[in-house]
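Notes to accompany the following structure.
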Amino acid sequence: MDENEKNFSINAEDLKKETSETVNQVKDTIKNVDFKEDSKEARSFFLSFFKNPLGEIKKATESTDSKFIKVAIIIFVVWLAIILAANLLNAATNYLLGTFGSFSYFFSHLFHNIFNLVKDLIAPVITILTLSGLIYGFKKVKNRSFLTIASSILITKIPVVIATIVSLLTIFNTHFLKISSTFAGFCDILSTVLLFFTMKNLSEEDKNDSYFWKFASIMGIFYIVKSVCSYLGIYL
């Protein structure tokens, strides 16, 4: 058993305790949401993030404040809302407003559309849970809560969320497809770079040589999960 395998250890009791604490923390955070104040904090965070993304990510990984958890929840809700909007617009365009569109055509494919929507909505959930679980499992010292890790991972997905927003243009005009796909690839690279530094902050590794292989192991396992999910029609 190599060092990475030794580090990846979560016993059943720790997992049960962490899950319970995470659920309770999420509930408390949602209960204490003040949309007016939290939206101001979110705007302030996004401005700071675009000026100094690595600095803001470092703050998020080290903070015990619920501020970053609330920001992460906002990012997650926006991400899912865009996916929902994209699916609804795509279904309307193809099955109602298209050349052969009609209500009967739409309803005959309703189950298919709902099934695709569910798969698209759970893809971000699987992505965040898998990456967060792997990082938590590989940590030698569990001095960061699962929710802190998940919040930090969500923040690294800001470029991906932006790319998802841009992809809405392809629904109205297919000429945007090439631009949208190129931009999505660019944003995916940015997100991976942010993820690298986020994992490094969360792992609290000072040695770049050992951390690189830990990052490679985590991403390797994630891509195995990603490959398996793709066979089920779920694209992470």
Side-chain angles (χ1 to χ4, degrees), residues 22 26 29-30 33 35 38-39 42-43 45-46 49-50 53 60 68-98 101 105-107 109-134 147 149-192 194-195 198 219 222-223 225-236:
T22 300
V26 170
T29 302
I30 293 174
V33 167
F35 289 103
D38 292 339
S39 61
R43 283 196 297 271
F45 167 79
F46 290 128
F49 177 83
F50 287 112
F68 292 102
I69 296 173
K70 290 177 181 179
V71 168
I73 289 173
I74 290 171
I75 294 169
F76 193 54
V77 169
V78 169
W79 194 2
L80 294 183
I82 295 165
I83 292 172
L84 176 62
N87 272 267
L88 293 177
L89 288 170
N90 192 52
T93 302
N94 292 330
Y95 298 101
L96 285 176
L97 306 176
Y105 187 45
F106 174 79
F107 284 112
H109 291 80
L110 185 60
F111 178 77
H112 172 74
N113 290 330
I114 292 174
F115 187 58
N116 284 339
L117 173 60
V118 171
K119 289 193 294 183
D120 287 346
L121 287 174
I122 65 172
V125 178
I126 295 173
T127 297
I128 300 305
L129 289 180
T130 302
L131 287 172
S132 302
L134 287 171
L147 192 55
I149 295 172
S151 300
S152 302
I153 299 301
L154 267 166
I155 290 171
T156 69
K157 294 298 178 181
I158 289 176
V160 175
V161 176
I162 293 171
T164 307
I165 295 172
V166 173
S167 70
L168 291 174
L169 295 173
T170 61
I171 296 172
F172 304 103
N173 193 323
T174 54
H175 289 99
F176 287 109
L177 183 59
K178 191 171 183 179
I179 297 173
S180 174
S181 60
T182 302
F183 183 68
F186 171 67
C187 287
D188 193 50
I189 291 171
L190 292 181
S191 182
T192 302
L194 292 174
L195 191 59
T198 299
M219 294 307 294
F222 172 72
Y223 271 87
V225 174
K226 185 175 181 176
S227 178
V228 171
C229 287
S230 69
Y231 283 105
L232 302 174
I234 302 171
Y235 302 100
L236 307 185

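Nearest heavy atoms, Val71 versus Ala42: CG2-CA, 4.3 Å. Closest approach of Ser191 and Thr156 over heavy atoms only: OG-O, 2.9 Å. Looking at every heavy atom in both residues, Leu232 comes nearest to Lys119 through O-CD, 3.7 Å.
Considering CD1 of Ile149 and CG of Leu154, their distance stands at 12.5 Å, rounded to 0.5 Å. Taking CG of Leu89 as the start and OG1 of Thr170 as the end, the distance is 10.0 Å to the nearest 0.5 Å. To the nearest 0.5 Å, atom OG1 of residue Thr182 and atom CG of residue Leu177 are 9.0 Å apart. Of the inter-residue distances, the one linking Ile69 atom CD1 with Ile74 atom CD1 reads 12.5 Å to the nearest 0.5 angstrom. The distance from the CG atom of Leu117 to the NE2 atom of His112 is 11.5 Å, given to the nearest 0.5 Å. Taking CG of Asn113 as the reference point, atom CG of Leu88 lies at 9.0 Å (rounded to 0.5 Å).
For Phe49, the ring pair (Phe, Tyr, Trp, His ring centres under 6.0 Å) partners at least two apart in sequence or on another chain are Phe45. Asp120 meets the side-chain hydrogen bond (donor to acceptor under 3.5 Å, both in side chains) test with Asn87; sequence neighbours excluded.
Side-chain contact between Phe222 and Thr127 is present, with heavy atoms from C-beta onward closer than 4.5 Å. Counting heavy atoms from C-beta outward, Ser227 and Tyr231 have side chains that approach closer than 4.5 Å. Side-chain atoms of Leu169 and Ser180, non-hydrogen and from C-beta on, never get closer than 4.5 Å to each other. Counting only heavy atoms from C-beta outward, the side chains of Ile75 and Phe46 approach each other to under 4.5 Å.
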Steps toward side-chain contact (heavy atoms from CB on, under 4.5 Å) verdict (Leu80, Leu84): CA-CA 6 Å; Leu80 294 183; Leu84 176 62; over 6 Å; no
Derivation of the side-chain contact (heavy atoms from CB on, under 4.5 Å) call for Met219 and Leu131: CA-CA 8 Å; Met219 294 307 294; Leu131 287 172; 4.1 Å; yes
Step-by-step side-chain contact (heavy atoms from CB on, under 4.5 Å) determination, Val125 to Phe76: CA-CA 9 Å; Val125 178; Phe76 193 54; 3.5 Å; yes
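Taking the six-membered ring where tryptophan is involved, the planes of Phe186 and Phe183 are tilted, since the angle between them lies from 30° to 60°.
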For residues 158-168, run the donor-acceptor check on the side chains, cut-off 3.5 Å, and write out each pair with its distance to 0.1 Å, sequence neighbours left out.
residue	atom	partner	partner atom	Å
Thr164	OG1	Val160	O	2.8
Ser167	OG	Thr164	O	2.5

